[in-house]
Amino acid sequence: MLNGHASNATPVSPPAEVHQVTFHPPRVQAGTPVAGFIRWPVAKIEALFELPLPELLYQAQGVHREHFDPCEVELATLLSIKTGGCPEDCGYCPQSVHFDTGVEASKLLDVDAVREAAVAARDAGATRFCMGAAWRAPKDRDIEKVATLVREVKSLGLETCCTLGMLSEPQALALKEAGLDYYNHNLDTAPEAYGRIISTRVYQDRLDTLANVRHAGMAVCCGGIVGMGESRAERAGLIAQLANLDPYPESVPINELVQVEGTPLAGSAKLDPFEFVRTVAVARITMPLARVRLSAGRQQMNEALQAMCFAAGANSIFYGEKLLTTGNPDVDRDRALLARLGMKSAKSTLG
């Protein structure tokens with residue numbers, strides 16, 4: 001019962017028993033949770049997706065209210081510090097050298113340019129500043145340069161996050177020592193759908209980077225992209241992968257595919273908006289303490305859809321005019337929407 005209203009449907013909750021997963025040395029096979037435990041079998045997550053939407057939203061809102069102020073939204077800003085020229089062939093990405101999208105490769109931004117962007121983000125109300133670079137995997141000399149940027153942004157009182165591609169454990173430790181709070185490395189989709197999206201990197205590579213980040217003591221930002229032609233079962237498979245990481249990510253960006261002319265996924269069938277809301281709600285239920293972030297694709301969402309996502313448990317947005325190379329609602333428009341909804345920005349969690 002919540003606020004005096006009883007639900008007629010039986011809530012779907014994690015199983016009481018915990019099942020041991022057998023590992024296959026020397027590496028965890030793709031699709032097997034890193035932790036070795038299944039808190040949320042795919043079948044349970046599929047059952048959530050199948051709930052009537054009002055019931056699903058009811059359950060997600062209940063979980064959300066247990067752990068967060070439902071009227072607060074975290075504001076994060078993302079800056080591309082090195083654009084284009086990526087050797088990966090991710091079918092959604094305009095920064096790949098494999099596709100003709102009009103994105104030109106650039107060098108790593110200098111400290112002054114990053115500081116200027118970070119100050120502007122902080123002054124506009126952002127509490128987390130994320131820096132993205134289009135690398136398959138950074139070289140050690142790149143890590144040294146990014147570490148300098150991290151220290152500069154930290155000096156401004158902002159939480160810091162980077163997404164730089166695959167990391168070795170020493171590289172992750174170097175970023176942690178520089179003061180990096182979060183590392184973003186998305187799983188993108190379910191293991192069974194992964195080969196349709198990218199061929200230059202295997203799923204295990206992503207899991208290995210997440211393990212290196214955890215071992216270094218950083219928080220994890222990890223989510224995926226929906227609307228890439230995947231089935232509902234595959235969306236459930238993605239959520240299962242995320243929810244069964246040990247621990248699950250502190251931040252979970254839910255991206256909707258932004259179709260860019262020249263990429264293989266341009267022209268894909270559009271995802272039903274209610275299916276996107278369902279994905280947010282299921283992420284909230286299965287990862288109750290995570291910040292669930294509306295990320296790429298928010299520019300193509302109307303205000304009613306964004307409001308439904310907040311009701312479903314989303315409590316973080318990327319805030320600013322651009323996400324790496326694609327558009328994003330501008331600051332004034334976001335402020336106006338939050339004001340109309342009676343919502344407020346969350347304070348930084350930094351001490």
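Below, all heavy atoms of this structure are taken into account, side chains as well, without hydrogens, waters or symmetry copies.
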Checking side-chain polar atoms at under 3.5 Å, does [X] have a donor or acceptor matched by the opposite partner on [Y]?
X	Y	answer
Arg128	Ser251	yes
Arg335	Tyr319	yes
Asn186	Asn184	yes

Is there a donor-acceptor pair closer than 3.5 Å between any side-chain N or O of [X] and the backbone N or O of [Y]?
X	Y	answer
Asp188	Ile225	no
Arg39	Ala243	yes
Thr209	Arg206	no
Thr148	Glu144	yes
Asn212	Ala172	no

Start with the C-alpha gap between Gln306 and Asn302, add the side-chain angles, then the distance that decides, and say whether side-chain hydrogen bond (donor to acceptor under 3.5 Å, both in side chains) holds.
CA-CA 7 Å; Gln306 292 184 60; Asn302 62 35; over 6 Å; no
Is [X] salt-bridged to [Y], going by a charged N under 4.0 Å from an acidic O?
X	Y	value
Glu46	Arg232	no
Lys270	Glu256	yes
Glu88	Arg201	yes
Asp246	Arg214	no
Asp181	Lys154	yes
Glu74	Arg293	yes
Asp140	Lys145	no
Glu55	Arg278	no

Please walk me through it: do Asn315 and Glu72 pass side-chain hydrogen bond (donor to acceptor under 3.5 Å, both in side chains)?
CA-CA 7 Å; Asn315 62 346; Glu72 280 193 349; over 6 Å; no
Once side-chain hydrogen bond (donor to acceptor under 3.5 Å, both in side chains) is applied, do any residues pair with Asp112, and if so which ones, sequence neighbours excluded?
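Testing Asp112 for side-chain hydrogen bond (donor to acceptor under 3.5 Å, both in side chains), a comparison that skips the adjacent residues, returns none.
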Glu261, CD: over 12 other non-hydrogen atoms inside 6.0 angstrom:
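Not more than 12 within 6.0 Å, no.
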Test side-chain contact (heavy atoms from CB on, under 4.5 Å) applied to Ala190 - qualifying residues, sequence neighbours left out
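For Ala190 the side-chain contact (heavy atoms from CB on, under 4.5 Å) partners, ignoring immediate neighbours, are Glu192, Glu234.
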Go through the steps for Asp142 and Lys82 under the test salt bridge (charged side-chain N to carboxylate O under 4.0 Å, His left out), then give the verdict.
CA-CA 11 Å; Asp142 298 322; Lys82 188 272 178 189; over 6 Å; no
Evaluate the side-chain proximity of [Y] to [X]: yes if any heavy-atom separation is below 4.5 Å, no if none is.
X	Y	answer
Leu175	Leu164	yes
Val73	Leu338	yes
Leu337	Arg333	no

Audit row: Ser316, Arg291, side-chain hydrogen bond (donor to acceptor under 3.5 Å, both in side chains) steps and yes/no
CA-CA 6 Å; Ser316 179; Arg291 287 279 183 186; over 6 Å; no
